[in-house]
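Below you'll find the structure, written out as structure tokens, and then a few comments.
Labels below follow one simple rule: chain letters A, B, ... track the order of the sequence lines, proteins then strands, and each chain is numbered from 1. Since this is a predicted model, take the numbers as computed values, not measurements.
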Amino acid sequence: MTGRTLTVLIAIILGVVLISSPVLAAEALPEHSADRLLIGTTTSLDATGLLDVLSEKFEADNGIDVQWVAVGTGQAIEYGRNCDVDIIMVHDRVAEDKFIDEGYGLDRRIFGYNYFLLVGPGSDPAQISGLNATEAFSAINTAGETDESVVFVSRGDNSGTHSREKLLWKGGGYDYAVINASPWYREAGAGMGQTLTMTEELQAYTLCDSSTWGAYESELTLIPLVENDDRFLNIYAVMRINPDLCPDVNAEMAKKWENFMISPEVQDIIGTYGIEEKGKAYFSPALGNEELIGVLVEETTTPVV
Amino acid sequence: MNDLITGIGIAFGLILTADPEVIDITARTLAITCSSTLISVVVALPLGAAIAFRDFPGKRTVISIIQTLYALPTVVVGLLCFMVLSRSGPLGYLGWMFTPNGMIFGQTVLILPITAGLVITALQSVSPGITDTIRSLGASRLQFLRSHVREARFAIMAAVIVGFSRAISEVGTAIMIGGNIKGHTRVLTTAISLQTSMGNFSLSLALGIILLVIALVINLLLGLVQNR
Amino acid sequence: MITIDNIKKSFDGKTILSGVDGTIKTGEIFAIIGPSGQGKTTLLRILNLLETPSEGNIILDGVSIHEIKDRNQIRRKMGMVFQDTIAFHDTVFNNIALGLRYRHYSKKEIQERVMQKLGEIGLSGFSNRNATTLSGGEKQRVSLARVLITDPEILLLDEPTANLDPISTEVIENLIRRYNRECNTTVIMATHDLLLGQRLADRVAVMMDGRFIQSGTVFDLFSRPCSGAVAQFIGIGNILTGTVIGNKDGMAVIETDGVRVYALGEIPPQTPVTIAIRPEEITLHRGSDTGTSARNVITGIIESVQPFGIISTIRVSHNTFRLSVQVTWQSMQDLNLAPGIPVTISFKASSVHGMPDECSHAA
């Protein structure tokens, strides 16, 4: 076969692939178009079902298809940096600031919060129950060195929860690299749900956001051992992707979604979602709680224009 | 054990009651997998024929490379396709990231080496006497190819079945390119993965059983075609 | 008319055909005979454009066929039946219909023609059978039908009846004869079976060492083999080499292994020559009393006796000179022949065929 025929052949193959794929696709939607909003979201908003409720309402109000990819905060930000999503919903202040500084993130709005919990087995081999966050982490580290039954499972996926966990180790005066290399420390490299399942199987400790915990606790024997610590505050933010850097994003709908998220109506939904089913809300609304969670009122009320 | 029994129960419940979400996921799985299988076969036939019937320098190396790619890890394909299909990648303008199209693209890339490689093997296994006879009877190029495909149809059908099976069972590219978006890119394997991560083992198992039943039915159907 | 013009072919430096020349007339049955591995198949494949000659031309009706770009234009005038029986993994019907499908015949016409061919090959009712399940002979009949159905002007057959059952052999031979007679189909067949050539062919050509070395009717070959190799191939028993030492009374005197043999026809003296003497034309006598009028009379001793059915082959030696003689089982008994017994053999000068090894390389 000559080089020319080979080239022609390859061209034909590529042509066939490119042309036939959209034709054959089950649902060939025009992507990044005006009638779809794609969100890169942290897993807790998906796992609790909150996004199902919110998207349904938003779709009804705006006649648009809302879709989301549920991943860790780190990956959601990465998707944003690649212009693959229109908007992100995350919970990692430090990573968010960096993303905004780089020019990708615009108009951060705070729409809700919850708390992290340190959960573990009822037997509590490291005896952390009743301690504060710093003491508990320290106790796990100490007990882990001698007691084989003490294991800590980390998300290990650069998610917001993972970031917070690292921050907590650092805050306790530990070198995270040393912690990470400890024999009692396991990196799951997975989402919150999967990490909880693994923790359950290993009867270990892990850091979990209260919302995901609320969705999973009925299936687990693990119990919350440390909660209500200021350092466990977990704030959720929404921000759109800069259309100057990602010209294909659906900027208009992204703005609408941000305003939707901070609207009193949605804030009310956030504050009540879960009560009916679980007896308590998964998330708390940011509106009206700015001082408690230490954010500016502008971040929870100023509409995006 | 309990999960296993409940899982089987739930599976039949979901199938018998035609649960709309399960139907939706199953239909999407079939549409995407069939598309990628079809595209890969449409590409693999002429490509395989060109490699099988022509002599060119490096032919053996090309075949070895194709056969090595049988073992291509799905997550590697997922990663490569992600880099290609992402907005910041060379085919980003297509907007296929997190879409069924992107998943079809990824699965096609994943199974093309298998279908092409098996098509090459199938065509090369046609005896030289048959090839001579086809030539001697004055077949045009297209007739030549058609007669060979017909003669090797059992082996080619096997290529289709293997390609389909790999496509329907893979989760790496589906989750990396599709993103497991509910109602849009969620397929059986990614749904299983999600349900497992959420601790719903029974539902996962149910979806797994449905996946197996589909694979079985498709194999039987293709087997019927093969025996015709 | 097909002209084969100095066809040479080598594969990987190994010469298969070393210059084949010949002319085959339209409507002729032409058999290429020769031992296996002498290039017969390669020549047929070149004729069918399945191979390209390294050198030379095949000219069909004034056109050099290997220079034509559209090979099918030539191929569709021909039909080739291969030595290895070919059956597609398909029904007998589809096996036979293939050539017509390539030529875009209508469904109706294909149906009619295939049914007719099935009758001709004696396989009516086999239409829906899987062809690969047929016997070797049946498969070969299907192969022939597959080719004949396209009405080829030229039929190329490679060992068409080798290793087949007698019924299939007869069906195939009759069909070849019939198409040749009724449709004036030119038939070129390769065979190692001289008798097949004798039964079917108008003309045979002996192929050895990659070229033709003698052609003519089978009778021509038997009566005047051009070389020892030809004589050996067609099975003439006694082949000797010698030198002509003179001519006498219209006979050549040839010395071979210390014995003088008289052969009919003059050959220039000092010519090295190969002679063939048919064993069945040699008479054997007990003792030295012959009373024969034969020109050649040689005394010797029985070296060995090899029975074969009712005929025994007896090897007689005179010093280094050796001849094979065939005698009936009855004569063996009457003459009480056994190794070591002195005998006399005699044969006419006309039974000695001198071959000057001057073969004509064109057929």
Are there donor-acceptor pairs under 3.5 Å across chain C and chain B? List atom names and distances.
unit_1   : atom_1 : unit_2   : atom_2 : d
C:Arg45  : NH1    : B:Asp132 : OD2    : 2.6
C:Arg45  : NH2    : B:Asp132 : OD1    : 3.2
C:Arg45  : NH2    : B:Asp132 : OD2    : 3.3
C:Asn48  : OD1    : B:Ser136 : OG     : 2.6
C:Asn72  : ND2    : B:Gly138 : O      : 3.4
C:Asn72  : ND2    : B:Ala139 : O      : 2.9
C:Arg76  : NE     : B:Gly138 : O      : 2.8
C:Arg76  : NH2    : B:Gly138 : O      : 2.5
C:Arg76  : NH2    : B:Gln143 : OE1    : 3.3
C:His89  : N      : B:Glu151 : OE1    : 2.9
C:His89  : N      : B:Glu151 : OE2    : 3.2
C:His89  : O      : B:Arg153 : NH1    : 3.1
C:His89  : O      : B:Arg153 : NH2    : 2.6
C:His89  : ND1    : B:Glu151 : OE2    : 2.6
C:Asp90  : OD1    : B:Arg150 : NH2    : 3.2
C:Asp90  : OD2    : B:Arg150 : NE     : 2.6
C:Asp90  : OD2    : B:Arg150 : NH2    : 3.0
C:Tyr102 : O      : B:Gln143 : NE2    : 2.9
C:Tyr102 : OH     : B:Ser147 : OG     : 2.4
C:Arg103 : NH1    : B:Leu137 : O      : 2.9
C:Arg103 : NH2    : B:Leu137 : O      : 3.3

**Message:** Using the rule given for side chain to side chain donor-acceptor pair (under 3.5 Å), can you reason through C:Glu120 versus C:Gln116, listing the C-alpha separation, both sets of side-chain angles and the distance that settles it, and then say yes or no?
**Reply:** CA-CA 6 Å; C:Glu120 287 175 11; C:Gln116 187 198 339; 3.1 Å; yes
Practice problem: Please report the shortest heavy-atom distance between C:Pro152 and C:Met78, naming the atom on each side. | Solution: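 Here C:Pro152 and C:Met78 meet closest at CB-C, 3.6 Å.
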Chain B contact via C:Phe82 - which portion, at a heavy-atom distance below 4.5 Å: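 Side chain only.
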Hey, is [atom1] on [X] packed in by over 12 heavy atoms from elsewhere, all under 6.0 Å?
{"X": "C:Glu170", "atom1": "CD", "answer": "no"}
{"X": "C:Ile167", "atom1": "CD1", "answer": "no"}
{"X": "C:Asn163", "atom1": "CG", "answer": "no"}
{"X": "B:Met83", "atom1": "CE", "answer": "no"}

So, the part of B:Ile134 with a heavy atom under 4.5 Å from chain C: the answer is both
Exercise. Measure from the side-chain N and O atoms of C:Lys8 to the backbone N and O of C:Thr15, and report whether any donor-acceptor pair falls under 3.5 Å.
Key: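 It does not hold such a pair.
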